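Just so it is clear, the structure is predicted and the values come from calculations on it, not from any experiment. Within every chain, numbering begins at 1; the chains are lettered A, B, ... in the order of the sequence lines, protein sequences first and strands thereafter.
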Amino acid sequence: MDQSEPRAADQVIRGIALYREFLDLPAQQEVLQALRRVIAAAPLFHPQTQRGKQMTVRMTSAGKFGWVSDRRGYRYEPCHPAGMPWPPIPPAILRIWNALSGSDRQPESCLVNFYGEGARMGLHQDRDEKDMGAPVVSLSLGDEGLFRVGNLERGGPTQSVWLHSGDVLVMGGAARLTYHGIDRIRFGSSRLTPRGGRINVTLRVVT
DNA sequence: CAGTAACG
DNA sequence: AAAG
């Protein structure tokens, strides 16, 4: 249906649009509550990389496909490693996509990454999707995280920015394949997550 | 297969 | 090599 013109980004970092505090506190709480139901249906798991190293984040997914990683590689699967189908993407999360993606398509995958104390994610590209035409939309909830932005290939200078609860990133166009990662979490810095931790929710078209 | 260096 |  008709949408108002999307709000302008607060900052653009190498083509990645940052919308600071796109969700206010009540909206963050609504999404968090929905994520608790997602995690109840599809528990967080601790993936391994292709080379057998355990990642420090725990993750799960919602939607038609979820991202999984093990020695067989990175890929999207229709079911959780424990066998159950992924639950549907909560409407409160779909609204963010519809407000900011600029895409006609709906997201097929909603990856939920939980960063506990000391968790990080190395520089990587989101390149496991067959269709890279739609952007990746990324919501931060809970503790602050230091986001690092690299280049379209490995190497070269990088830039970092602290992300806060409610911030949304849109990685589209030429920036869709930019290397990025999370260097550090300020554990316990947010009041949204009383027991600490950062949650990142990423929406993608996969097929 | 694992360990190390270096990357950022 | 490396969502390490």
*Flag if over 12 foreign heavy atoms under 6.0 Å of CG, Asp104(A)*: no
*Whole Å only: how far is the CG atom of Leu123(A) from the P atom of dG8(B)?*
8 Å
*Nearest-Å distance, CD1 (Ile182(A)) to C1' (dA2(C))?*
17 Å
_Nearest-Å distance for atom pair CD/C1', residues Gln50(A) and dA2(C)_ = 9 Å
*Identified side-chain hydrogen bond (donor to acceptor under 3.5 Å, both in side chains) counterpart of Thr207(A) within the set Glu108(A), Lys64(A), Lys130(A)*: Glu108(A)
*Nearest nucleotide by nearest heavy atom, which residue falls closer to the 5' end of DNA chain B, Arg71(A) or Lys53(A)?*
Arg71(A)
_Rounding to an integer number of Å, can you tell me how far Arg120(A) CZ sits from dG4(C) P?_
8 Å
*Check every strand shown and say whether Asp128(A) touches a base, only sugar-phosphate, or nothing at a heavy-atom separation below 4.0 Å.*
base
*Check whether the side chains of Asn113(A) and Arg198(A) place a donor and an acceptor atom closer than 3.5 Å, and report yes or no.*
no
*Determine the contact category for Gly52(A): base if any of its heavy atoms lies under 4.0 Å from a base atom, sugar-phosphate if only primed atoms, P, OP1 or OP2 are that close, otherwise nothing.*
nothing
*Indicate, with a heavy-atom threshold strictly under 4.0 Å, whether Gln125(A) touches base, sugar-phosphate, or nothing.*
nothing
*asked:* Can you see whether Trp162(A) has Arg186(A) sitting over its ring - NZ or CZ less than 6.0 Å from the centre and within 45° of the normal?
replied: yes
_Under 4.0 Å, counting only non-hydrogen atoms across every strand here, what does Gly156(A) touch: a base, just sugar-phosphate, or nothing?_
sugar-phosphate
*Separation of dG4(C) P from His180(A) NE2 (nearest whole Å)*: 11 Å
*Remember a base hit wins even if backbone is also touched, and classify Thr158(A) as base, sugar-phosphate or nothing at under 4.0 Å, heavy atoms.*
sugar-phosphate
*Within the pair Arg51(A) and dA2(B), is there a side-chain N or O less than 4.0 Å away from OP1 or OP2?*
no
*What is the distance from CE of Met121(A) to P of dA2(C), rounded to the nearest Å?*
15 Å
*Check every atom of dA2(C), dG8(B), dG4(C) against the side chain of Arg148(A) and return the nucleotide holding the closest atom.*
dG8(B)
*If a pair satisfies salt bridge (charged side-chain N to carboxylate O under 4.0 Å, His left out) and one of its residues is in residues 81-95 of chain A, list it, with sequence neighbours excluded.*
Glu30(A)-Arg95(A)
*Spacing between His124(A) atom NE2 and dC7(B) atom C1', to the nearest angstrom*: 16 Å
*asked:* Just the rounded figure in Å: distance from C1' of dG4(C) to CE of Met55(A).
replied: 9 Å
